[in-house]
S.K.: 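Here it is, the structure, as structure tokens.
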Amino acid sequence: QGTPSVCESDILYVAMVRGDADIEGSAELAPPEVRGSLVALQQLAITFGIMVSFWIDFGTNHIGGTGDSQSEASWRLSLALQLVPALILGVGILFMPFSPRWLVNQGRDDEALAVLSRARRQPPDSDVVQIEFLCVVSAIVMTFAAHRTFLGRSKPSISSSRRPLR
């Protein structure tokens, strides 16, 4: 619930120029001071999930024998066990609010303020919510300006990204 120390619009601009503008996608509603940790935790969870998937496959591989005598249960059980987390995430996503960045991009500023207010547990007119809202707006403005500057280039080179915006 801390105050954002700086706007991330400059970071977003650099990421957009490099071609990986979704740098904050997974932790957008998190307070700015913990976003990096959440992105690292997400990567750890992905890697752990791959490991668990491997061991589930390994553990169910010999159900009913091997080769032609292998039972269909070996792959069905493996698939069913690996679908459980996917279903949990699929249901959980229904309860996630819209992204404030997406809402602002769609012209739904009041809804973006309400989402930020709920996420920060502060009133919409609080300094924390207002600063973060302005950071989101400035990031979108800089993204549009960058797109205009680099019109015709899908991924500008690093040397061309050093030009000032006009």
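We're numbering straight along the sequence, starting at 1.
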S.K.: Assess whether side-chain contact (heavy atoms from CB on, under 4.5 Å) is satisfied between Leu113 and Gln130, documenting all intermediate values.
M.R.: CA-CA 8 Å; Leu113 269 171; Gln130 289 296 317; 3.6 Å; yes

S.K.: Got a second to check how far Leu103's CG is from Ile140's CD1, nearest 0.5 Å?
M.R.: 9.5 Å

S.K.: I'd like to know if Phe58 and Leu81 are part of one continuous hydrophobic network [Ile/Leu/Val/Met/Phe/Trp/Tyr, side-chain heavy atoms within less than 4.5 Å].
M.R.: yes

S.K.: Could you tell me whether a side-chain N or O of Ser78 sits under 3.5 Å from a main-chain N or O of Ser74, the two making a donor and an acceptor?
M.R.: no

S.K.: What heavy-atom pair brings Val104 and Ala112 nearest, and what distance separates the two atoms?
M.R.: CG2-CB, 3.6 Å

S.K.: Applying the 4.5 Å side-chain criterion to the ILVMFWY set and letting contacts propagate, would Leu79 and Ile63 be lumped into a single cluster?
M.R.: no

S.K.: Do Val84 and Leu89 share a hydrophobic cluster (ILVMFWY, side-chain heavy atoms under 4.5 Å, transitive)?
M.R.: no

S.K.: Does Phe98 reach the side chain of Gln106, with side-chain heavy atoms less than 4.5 Å apart?
M.R.: no

S.K.: Cluster question for you: counting only ILVMFWY and a side-chain heavy-atom cut-off of under 4.5 Å, with indirect links fine, are Ile93 and Leu87 together?
M.R.: no

S.K.: Roughly how far, to the nearest 0.5 Å, is the CZ atom of Arg101 from the OG1 atom of Thr143?
M.R.: 7.0 Å

S.K.: Minimum heavy-atom separation for Pro97 and Val115, please, with both atom names.
M.R.: CB-CG1, 4.0 Å

S.K.: Looking at Ser138 and Leu134, would you say the former's side chain and the latter's main chain have a donor-acceptor pair under 3.5 Å?
M.R.: yes

S.K.: Using 0.5 Å steps for rounding, measure from the CD atom of Gln82 to the CG atom of Leu77.
M.R.: 9.5 Å

S.K.: Verify the cluster assignment for Ile56 and Phe54: are they in a single hydrophobic cluster under the rule of side-chain heavy atoms below 4.5 Å apart?
M.R.: yes

S.K.: Roughly how far, to the nearest 0.5 Å, is the CG atom of Leu44 from the CG atom of Leu38?
M.R.: 12.0 Å

